[in-house]
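First up is the structure itself, then whatever we jot down about it.
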Amino acid sequence: MSTLSNRINNLSESETLAMARLSAKLKSEGLDVINMCLGEPDFNTPDHIKQAAKNAIDQNFSYYPPVSGFPDLREAICRKFKRENNLDFSPANIIVSTGAKQSIANIVLSLVNPGDEVIIPSPYWVSYKEVIKLAETNAVYVNAGIENDFKITPQQLEQAITPKTKLFIFSSPCNPTGSVYSKEELKALADVFALHEQIFILSDEIYEHINFSGVHESIAQFENIRKRVIIVNGVSKSFAMTGWRIGYMAATVEIAEACNKLQGQITSGACGIAQKAAVAALSGDLNSVKTMLKAFHERRDLVVSLLKDIPNLKTNVPQGAFYVFPDASYYFGKIDGTTKISNAPELCDYLLKKVYVATVPGDAFGDPNCIRLSYATSNDLITKAISRLKIALDDLH
Ligand code: PMP
Ligand code: GLU
């Protein structure tokens with residue numbers, strides 16, 4: 001009998017975190033590795049947010065916080081939804097968690113039974129697939145290719161729906177493709193969901209503020225499906241607070257209470273000091289967010305223009321988040337004299353070992369032809385990394 005449960009044996013390690021660990025290890029051994037594998041802003045948390053955390057320590061916010069989050073944070077989240085998304089929620093609809101990652105796990109485990117189907121447009125973010133496995137049920141993938149900017153159509157969605165479909169999970173702006181659904185595109189998907197009342201929609205909006213194509217549009221804005229949309233968001237990406245571990249969700253009271261019950265048995269409330277910092281983030285002005293957005297926008301333009309020098313890496317022009325997801329399949333079957341590349345994991349391994357650039361194979365995100373590069377790093381490092389990629393890829397024949 002295996003020591004470990006089937007549940008854990010079937011679970012894959014997060015590929016993004018695994019590559020980040022490998023790249024940090026090589027770096028600690030003295031290699032000049034450029035990390036383009038982890039989706040993490042390279043900015044420090046803004047000062048007014050750090051100050052709020054320092055105040056919280058001095059004010060002795062050292063006791064167990066409420067499982068669902070401090071009332072002032074849940075109120076700040078409701079005000080944010082009203083101000084930025086024109087959505088009405090009350091604190092009873094909001095659960096604060098240890099990162100958006102936990103919010104997603106709470107929702108899937110609270111809604112899905114074994115045998116239910118969960119539709120995921122592919123490419124998708126790594127952890128959706130694994131948390132669905134933990135819920136002992138099936139993901140149904142709807143493939144969106146680069147020719148459609150990695151976005152699914154309403155027809156594809158309709159075809160994937162069965163009486164067993166319980167949940168749909170997507171992110172816009174999308175990790176890993178940077179694609180952003182327009183209001184019209186979201187409306188067309190909402191009209192399909194309106195015909196299938198059993199389906200809940202998990203809308204992962206963690207990259208809301210990293211959008212180069214205009215204002216953020218949430219699928220929750222459409223009245224005909226609003227009660228079935230569960231929004232996940234958090235402070236990690238928008239406020240450069242990945243390590244503070246604060247995410248949140250907004251849903252009906254019934255679903256929020258279910259997530260509260262689950263969280264109360266597993267982790268309890270998220271770190272109280274970090275929650276107080278999140279109040280400052282969500283209530284303060286967005287100047288630092290705008291500064292970071294400008295930097296990400298410039299970096300997006302830089303990456304896209306540098307990649308033109310490597311025409312065999314085919315890419316879309318990402319409209320948000322901080323990733324590019326080029327199709328690298330041209331290089332599969334090629335050899336640099338000694339190393340033969342058969343697939344994306346081998347290509348990423350080759351790039352790491354040969355020119356010390358860490359990327360993530362597209363397999364982790366549902367598209368084995370692609371590799372993901374995070375450009376949440378300086379212009380200098382981006383320029384250096386892409387020129388190294390060019391050297392390594394030019395050696396493959
Ligand atoms: N959703 C997406 C699409 C992400 O890229 C991430 C990255 N960490 C998360 C959720 C989780 O964010 P966190 O747990 O840091 O709030
Ligand atoms: N979401 C980021 C990424 O996709 C951080 C790593 C993770 O949480 O998996 O790289």
Side-chain angles (χ1 to χ4, degrees), residues 45-56 59 61 65-100 102-104 106-107 171-173 183 186 201-211 214-223 226-227 229-242 244-257 259-260 263 269-293 320:
T45 302
D47 285 341
H48 70 284
I49 301 175
K50 292 198 280 198
Q51 191 55 51
K54 291 176 194 168
N55 295 346
Q59 289 161 8
F61 280 96
V67 173
S68 56
F70 283 125
D72 59 343
L73 177 53
R74 290 191 293 148
E75 277 158 21
I77 292 168
C78 292
R79 286 197 300 276
K80 170 253 168 313
F81 276 122
K82 187 67 195 163
R83 187 175 66 237
E84 294 175 1
N85 312 100
N86 195 26
L87 294 170
D88 292 300
F89 290 111
S90 79
N93 301 114
I94 309 293
I95 304 291
V96 175
S97 298
T98 302
Q102 188 181 21
S103 306
I104 294 165
N106 281 345
I107 295 161
S171 61
S172 176
K183 183 172 178 177
L186 291 173
I201 299 109
L202 191 168
S203 178
D204 181 346
E205 304 184 11
I206 190 112
Y207 295 99
E208 167 173 23
H209 287 297
I210 309 173
N211 182 338
V215 291
H216 176 71
E217 299 288 352
S218 172
I219 196 165
Q221 70 188 281
F222 303 109
E223 200 60 58
R226 177 165 307 163
K227 289 226 153 36
V229 178
I230 307 159
I231 300 181
V232 168
N233 207 326
V235 294
S236 286
K237 315 289 174 172
S238 300
F239 298 95
M241 291 177 72
T242 47
W244 298 75
R245 311 305 306 127
I246 297 293
Y248 55 88
M249 58 170 270
T252 60
V253 173
E254 183 188 14
I255 295 174
E257 282 178 355
C259 293
N260 190 43
Q263 184 162 295
C271 167
I273 312 296
Q275 287 196 46
K276 291 292 169 184
V279 174
L282 294 170
S283 313
D285 67 50
L286 293 180
N287 289 339
S288 49
V289 175
K290 286 182 190 141
T291 308
M292 290 188 268
L293 173 66

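Quick caveat: nothing in here was measured; it's all calculated off a predicted structure. Each residue takes its place number in the sequence, starting with 1.
- Thr252 and Lys227 make their closest contact through CG2-O, 3.3 Å (heavy atoms, listed as atom of the first residue, atom of the second, distance).
- For the atom pair Ile77 CD1 and Leu282 CG, the distance stands at 6.0 Å (nearest 0.5 Å).
- Note that the NE2 atom of His216 and the NE2 atom of His209 stand 8.5 Å from one another [nearest 0.5 Å].
- In terms of heavy atoms, Ser218 sits closest to Ile231 at OG-CD1, 3.8 Å.
- Side-chain atoms of Asn85 and Glu205 form no donor-acceptor pair, as typed in the model, at a separation below 3.5 Å.
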I'd like to know whether Thr45 forms a side-chain contact (heavy atoms from CB on, under 4.5 Å) with Phe239, so could you lay out the CA-CA distance, the side-chain angles of the two residues, the decisive distance to 0.1 Å, and finally the verdict.
CA-CA 6 Å; Thr45 302; Phe239 298 95; 6.0 Å; no
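- A donor-acceptor distance shorter than 3.5 angstrom exists from the side chain of Asn93 to the backbone of Ala251, with no hydrogens or angles considered.
- Atom-to-atom distance recorded for Cys259:SG and Ile104:CD1 is 11.5 Å, nearest 0.5 angstrom.
- Side-chain contact between Ser103 and Ile95 is absent, with no heavy-atom pair separated by less than 4.5 Å.
- Taking CD1 from Ile273 and CG from Asn55, the interatomic distance works out to 10.5 Å, rounded to the nearest 0.5 Å.
- Atom CD1 in Ile230 sits 5.0 Å away from atom CD1 in Ile107 (nearest 0.5 Å).
- The salt bridge (Lys or Arg N to Asp or Glu O under 4.0 Å) pairs that include a residue from residues 270-290 are Asp72-Lys276, where partners are two or more places apart or lie in different chains.
- Going from atom CG of Leu202 over to atom CE of Met249 covers 8.5 Å, rounded to the nearest 0.5 Å.
- Residues Ile206 and Asn233 share a closest heavy-atom pair of CA-OD1, 3.7 Å.
- Closest approach of Arg245 to Ala270, counting heavy atoms only: O-CB, 4.3 Å.
- Shown here is Lys183, whose NZ atom has no more than 12 heavy atoms of other residues, nucleotides or ligands within 6.0 Å.
- Put simply, the side chain of Ser97 never gets that close to the backbone of Tyr248: no donor and acceptor are under 3.5 Å apart.
- Across all non-hydrogen atoms, the minimal contact from Val235 to Ala281 is CG1-CB, 4.4 Å.
- Put simply, the side chain of Gln263 never gets that close to the backbone of Asn260: no donor and acceptor are under 3.5 Å apart.
- Between Ser288 and Pro46 the shortest heavy-atom distance is OG-CG, 3.3 Å.
- Neither side chain, Ser238 nor Glu208, offers a donor N or O lying under 3.5 Å from an acceptor on the other.
- Between Phe81 and Asp88 the shortest side-chain heavy-atom distance does not fall below 4.5 Å.
- Residues forming a side-chain contact (heavy atoms from CB on, under 4.5 Å) with Ala277 (at least two apart in sequence, or on another chain): Ile49, Ala53, Met241, Trp244.
- Judged purely by atom type and a 3.5 angstrom limit, Gln275 uses its side chain to pair as donor or acceptor with the backbone of Phe70.
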